[in-house]
Peer 1: 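Before I ask anything, here is the structure I am working with.
The shown structure was predicted, so the numbers you read here are calculated from the model rather than taken from an experiment.
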Amino acid sequence: MPPRRGFLRRVADHILPGAPPPPDRTLGAHWRAEHTSFAVRAPEATSVLLCLFDGEAERRLPMTRSGEIWSLNVAGIAPFQRYGYRADGPYDPPAHRWFDPAKLLVDPYAVELDARFVYDAALGTRGIDTAHLVPKALVQPAMRRPPPPPPLFAPGGLVYELNVRSFTMRHPDVPIHQRGTIAALAHPSIVAHLKKLGVTAVELMPIVAWIDERHLPPLGLTNAWGYNPVAPMAIDPRLAPGGIEELRETVATLRTAGIGLILDLVFNHTGESDGGGPTLCLRGLDPASYAQAGDGSLINDAGTGNTLDFARPHVRELTLAALRHFALTGVEGFRFDLAPVLARGPGFDPAAPIFAAIAADPILSSRVMIAEPWDIGPGGYQLGKFPPNWLEWNDRFRDDVRRFWRGDGDAGALATRLAGSSDLFAGGSGTRSVNFVAAHDGFALADVASYAGRHNLANGENNRDGHAGEVCWNNGVEGPSDDPEVRRRRDADVRALLAILFAARGTPMLTAGDEFGRTQAGNNNAYAQDNEISWLDWENRDTDLEDYVARLSRFRRNGPLADQHWLQLADWRDMTDRPMTPDRWSGMGGFLLRLPDGEQLVYIRIDRGERRVTLARAAVLESRP
């Protein structure tokens, strides 16, 4: 891959010849005018080779050891030189040691790769050279990196979760060559759509380089979501052909429009999987980075074959370096997948070192932090247990709201969720709850009211994957229906769920496409569907529903619901407008909430019997179509 001259021209003013590496990046490759320094951690290796590539030709240079770090300075290196490592050492699979000098290894601190990862069985087979299979890291020029500006996003603003590829692959206004990339998010039509909805932060599903799980290629499938990363700082080339500068430019465009950008990052495991997985990076350099049980087996708290060990300082340092790297592009915050892993050592610790390190960091302490507060390990459900300045995904909100609307829930539980889930987020006058009624993981919102069970046969696992107990219903017909009454009820259900979402205290999160009726044909685990099952259908979207969501968003941000402290002023009433008492909550089919708004009152009426939610101020906003 030749140097990207266009990129160099765009950033020439930022290049610093001879600049030393930033203090947090002593590991990795650092270009200077006189030489490029390479450093990698491999404490159990007996030798490490730096591999420089010119086309298919490979030059191997022995590195020098100092403690746990192997390093080498090389003169005459140009920016965007392709490189990798080879490491030798103990090969003992039962002890989870897979050193193999035949394996080309990606630098864990790489910030750009020349190609995507593609799974091949040879990647996990000892003795087979993999230089032709493994992406090469690219040496980066030294760059000026000013401190990031303060975040635009604040708790209570609308978070819009999207998958970079699926979001624009079928958008008619986005040029074909740009579809499915980060740059497409800066297209004027995309920005206009986000502004119409009142989005304050876009949350991108994983963008760092990932690899398919090994069971997918034989099925003709690929990982569409990216929750199987290899290099935590390098953006997948499919999503950003322009590298980190493409992300930086998109962040700047969105910020100009008043929209922040949050990254969903995966630090709980890597795509090297279990004992039968590929050797690509940490597995071949520092396999002790993966947590092991007392019997020597790999701990699998992420359900992916391995779990990174955050009791080890170097794992935390790699994570912090990745966060700083992205923060310096202007990214406003981070959502952490299976976040309890970050605080395991091995049990979950609400005072874990990673939290203190983030809070003390001059760059990261100002960023927005959002936890997915569960994993599958022992004591893995930790909703409400993260630091007081972190937001948390609240699956209790999703389930209690859906269950109430389905008819088997409780009005008291719904009121608790509407009021900010004080039972989960105790203390303070605000709430840390990220509220959602649908997300990437699970049914699309339209499918919640159209399917009574999952339909995941396309995933190749005989419909065994995905959540089997998801709260959903089909309004009498499973899947698509031409019956006008069925369609009317489904539309009313979706609108009611959306109205409750926007009325609730906390931070609302909307998954891309749910505002215009996206469907995944009942697939509630579309992680392997990089195709029209998950690609948004822009040309056939429900614009009436989209306009309704835009009105909900305006209602929220232009009245007392925008104030996270409205609970202190709330007047709860029953359906006959009498003051609510504790005994009236049980079995109620709805309630009325009144809030002062200057000289007016804002009404929120939730009525399951009439299948509608009404928001009223000067104008009435009904959920019924």
Peer 1: Looking at Trp390, is its backbone amide N or carbonyl O close enough to the side chain of Arg432 to form a donor-acceptor pair, meaning the two atoms are under 3.5 Å apart?
Peer 2: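 Judged by distance alone, yes, a pair lies under 3.5 Å.
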Peer 1: For Gly226 and Trp210, which heavy atoms make the closest approach, and how far apart are they?
Peer 2: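 Heavy atoms only, the tightest pair is CA-CD2, 3.4 Å.
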Peer 1: Arg165 and Met169: which non-hydrogen atoms are nearest, and at how many Å?
Peer 2: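 Closest pair (atom of Arg165, atom of Met169, distance): O-CG, 2.6 Å.
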Peer 1: Do you know the tightest heavy-atom contact between Ser534 and Ser166?
Peer 2: O-CB, 3.2 Å
Peer 1: Are any side-chain N or O atoms of Thr200 and backbone N or O atoms of Leu158, one a donor and one an acceptor, separated by less than 3.5 Å?
Peer 2: yes
Peer 1: If we count only N and O atoms by modelled type, under 3.5 Å, do the side chains of Glu213 and Tyr119 hold a donor and an acceptor together?
Peer 2: no
Peer 1: Are the charged groups of Arg214 and Asp212 less than 4.0 angstrom apart, N to O?
Peer 2: no
Peer 1: Check Gly180 against Leu239 and note the closest heavy-atom contact, atom names and distance.
Peer 2: O-CD2, 3.6 Å
Peer 1: Do Pro148 and Leu328 come close enough that some side-chain heavy atom pair is under 4.5 Å?
Peer 2: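 A side-chain contact under 4.5 Å exists here.
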Peer 1: Mind checking whether Leu265 and Val208 have side chains closer than 4.5 Å, heavy atoms only?
Peer 2: yes
Peer 1: Does Asp107 use its side chain to pair, donor to acceptor, with the backbone of Ala137 at less than 3.5 Å?
Peer 2: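 Checked: no pair found.
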Peer 1: Testing the basics here: between Thr431 and Gly506, what is the closest heavy-atom pair and its distance to 0.1 Å?
Peer 2: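 Distance-wise, the nearest heavy atoms are CG2-CA, 3.5 Å.
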Peer 1: Locate the shortest heavy-atom distance separating Val174 from Arg179; write the atom from each residue and the value.
Peer 2: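 The pair with the smallest heavy-atom distance is O-NE, 2.8 Å.
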Peer 1: Stepwise, does the salt bridge (Lys or Arg N to Asp or Glu O under 4.0 Å) test hold for Arg518 with Asp537?
Peer 2: CA-CA 7 Å; Arg518 77 177 176 108; Asp537 184 359; over 6 Å; no
Peer 1: To the nearest 0.5 Å, how far apart are CD1 in Ile235 and CD1 in Ile244?
Peer 2: 4.0 Å
Peer 1: Could I get the full list of side-chain hydrogen bond (donor to acceptor under 3.5 Å, both in side chains) partners for Arg488, not counting sequence neighbours?
Peer 2: Glu485
Peer 1: Take Glu161 and Leu510, measure what side-chain contact (heavy atoms from CB on, under 4.5 Å) needs, and give me the verdict at the end.
Peer 2: CA-CA 6 Å; Glu161 183 197 36; Leu510 183 68; over 6 Å; no
Peer 1: Going by atom types alone, do Asn223 and Asn228 pair a side-chain donor with an acceptor below 3.5 Å?
Peer 2: no
Peer 1: Taking it one step at a time, do Arg489 and Asp491 satisfy salt bridge (Lys or Arg N to Asp or Glu O under 4.0 Å)?
Peer 2: CA-CA 5 Å; Arg489 290 202 304 267; Asp491 193 19; over 6 Å; no
Peer 1: Is Arg490 paired with Asp493 through a side-chain N to carboxylate O contact shorter than 4.0 Å?
Peer 2: no
Peer 1: At what distance, to the nearest 0.5 angstrom, does OG1 of Thr130 lie from CG of Leu280?
Peer 2: 7.5 Å
Peer 1: So, do Glu372 and Glu392 sit near enough that their side-chain heavy atoms are less than 4.5 Å apart?
Peer 2: no
Peer 1: Could you give me the CA-CA distance, side-chain angles and deciding distance for Phe555 and Leu552, then say whether side-chain contact (heavy atoms from CB on, under 4.5 Å) is met?
Peer 2: CA-CA 5 Å; Phe555 186 96; Leu552 285 173; 5.6 Å; no
Peer 1: Between Glu272 and Tyr290, does a side-chain hydrogen bond (donor to acceptor under 3.5 Å, both in side chains) hold up when you go through it step by step?
Peer 2: CA-CA 10 Å; Glu272 292 177 286; Tyr290 298 114; 2.6 Å; yes
Peer 1: Would you give the length of the straight line joining atom CD1 of Ile207 to atom CG of Asp264, rounded to the nearest 0.5 angstrom?
Peer 2: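 Spacing of CD1 (Ile207) from CG (Asp264) equals 10.0 Å.
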Peer 1: Side chains of Asn459 and Asn456: does their closest heavy-atom pair fall under 4.5 Å?
Peer 2: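 With C-beta onward as the side chain, the pair touches.
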Peer 1: Determine, using ring centers only, whether Phe436 and Trp393 are less than 6.0 Å apart.
Peer 2: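 Yes.
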Peer 1: Under 4.5 Å between any side-chain heavy atoms of Arg505 and Ser421, yes or no?
Peer 2: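 A side-chain contact is absent here, since even the closest heavy-atom pair is not under 4.5 Å.
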Peer 1: Is there a donor-acceptor contact under 3.5 Å linking the side chains of Asp483 and Ser481?
Peer 2: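 No.
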Peer 1: Once you round to the nearest 0.5 Å, how far does CD1 of Ile259 lie from CG of Leu197?
Peer 2: 9.0 Å
Peer 1: Quick one: does Asn268's side chain have a donor or acceptor within less than 3.5 Å of a partner on Val341's backbone?
Peer 2: no
Peer 1: What I want to find out is whether Arg417 reaches Asp400 closely enough, with some N-O distance under 4.0 Å, to be called a salt bridge.
Peer 2: yes
Peer 1: Kindly assign one of parallel, tilted or perpendicular to the pair Phe336 and Phe334, based on the angle between their ring planes and the thresholds 30° and 60°.
Peer 2: tilted
Peer 1: Applying salt bridge (Lys or Arg N to Asp or Glu O under 4.0 Å), run through Asp547 and Lys196 and close with a yes or a no.
Peer 2: CA-CA 9 Å; Asp547 291 343; Lys196 173 183 178 179; 2.7 Å; yes
Peer 1: Between Gln520 and Asp447, is any side-chain donor less than 3.5 angstrom from a side-chain acceptor?
Peer 2: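 No pair is found: no donor N or O on one side chain lies under 3.5 Å from an acceptor on the other.
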Peer 1: Under a 3.5 Å distance rule, please check whether Gln140 uses its side chain to pair with a backbone N or O of Leu138 as donor and acceptor.
Peer 2: yes
Peer 1: Could you check whether any side-chain heavy atom of Val434 comes within less than 4.5 Å of a side-chain heavy atom of Asn394, counting everything from C-beta outward?
Peer 2: no
Peer 1: Could you tell me the separation between the CG atom of Leu263 and the CZ atom of Arg367, rounded to the nearest 0.5 Å?
Peer 2: 11.5 Å
Peer 1: Taking only residues two or more places apart in sequence, or in another chain, which ones meet Asp441 in a salt bridge (charged side-chain N to carboxylate O under 4.0 Å, His left out)?
Peer 2: none
Peer 1: Within the structure provided, determine whether Asp114 and Pro237 are in side-chain contact (heavy-atom separation under 4.5 Å).
Peer 2: no
Peer 1: Strictly by modelled atom types, are Glu539 and His171 linked by a side-chain donor-acceptor pair under 3.5 Å?
Peer 2: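 Judged by distance alone, the side chains do not pair up.
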Peer 1: Would you say Asp395 and Trp374 make side-chain contact, with heavy atoms under 4.5 Å?
Peer 2: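 They are in contact (side-chain heavy atoms under 4.5 Å apart), so the answer is yes.
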Peer 1: Would you call the rings of Phe516 and Trp538 parallel, tilted or perpendicular, taking 30° and 60° as the class edges?
Peer 2: tilted
Peer 1: Given His440, which of Tyr227, Phe167, Tyr527, Tyr160 fulfils the ring-ring contact (aromatic ring centres under 6.0 Å, His included) condition?
Peer 2: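 Only one option passes, and that is Tyr227.
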Peer 1: For the pair Met369 and Leu391, evaluate side-chain contact (heavy atoms from CB on, under 4.5 Å) and give the outcome as yes or no after the intermediate values.
Peer 2: CA-CA 6 Å; Met369 301 291 165; Leu391 302 178; over 6 Å; no
Peer 1: Going through the distances and angles, do Thr507 and Phe153 end up as a side-chain contact (heavy atoms from CB on, under 4.5 Å)?
Peer 2: CA-CA 10 Å; Thr507 296; Phe153 174 81; 3.8 Å; yes
Peer 1: Could you tell me if Asp274 and Asn306 have a donor-acceptor pair between their side chains, going purely by distance under 3.5 Å?
Peer 2: no
Peer 1: More than 12 heavy atoms of other residues, nucleotides or ligands under 6.0 Å from CZ of Arg541: yes or no?
Peer 2: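 Buried by this count: over 12 neighbours within 6.0 Å.
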Peer 1: With a 4.0 Å cut-off on N to O distance, would you call Glu245 and Arg248 a salt bridge?
Peer 2: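 Answer for the salt bridge query: yes.
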Peer 1: Between Asp530 and Trp225, is any side-chain donor less than 3.5 angstrom from a side-chain acceptor?
Peer 2: no
Peer 1: Do Arg255 and Glu332 pass the salt bridge (Lys or Arg N to Asp or Glu O under 4.0 Å) test, and can you show the C-alpha distance, the side-chain angles, and the key distance before you say yes or no?
Peer 2: CA-CA 10 Å; Arg255 185 175 179 87; Glu332 296 203 349; 3.0 Å; yes
Peer 1: Going by an N to O cut-off under 4.0 Å, is there a salt bridge joining Arg402 and Glu470?
Peer 2: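 So Arg402 pairs with Glu470 through a salt bridge.
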Peer 1: Can you measure from CG (Leu185) to CG (Leu162) and round to the nearest 0.5 angstrom?
Peer 2: 6.0 Å
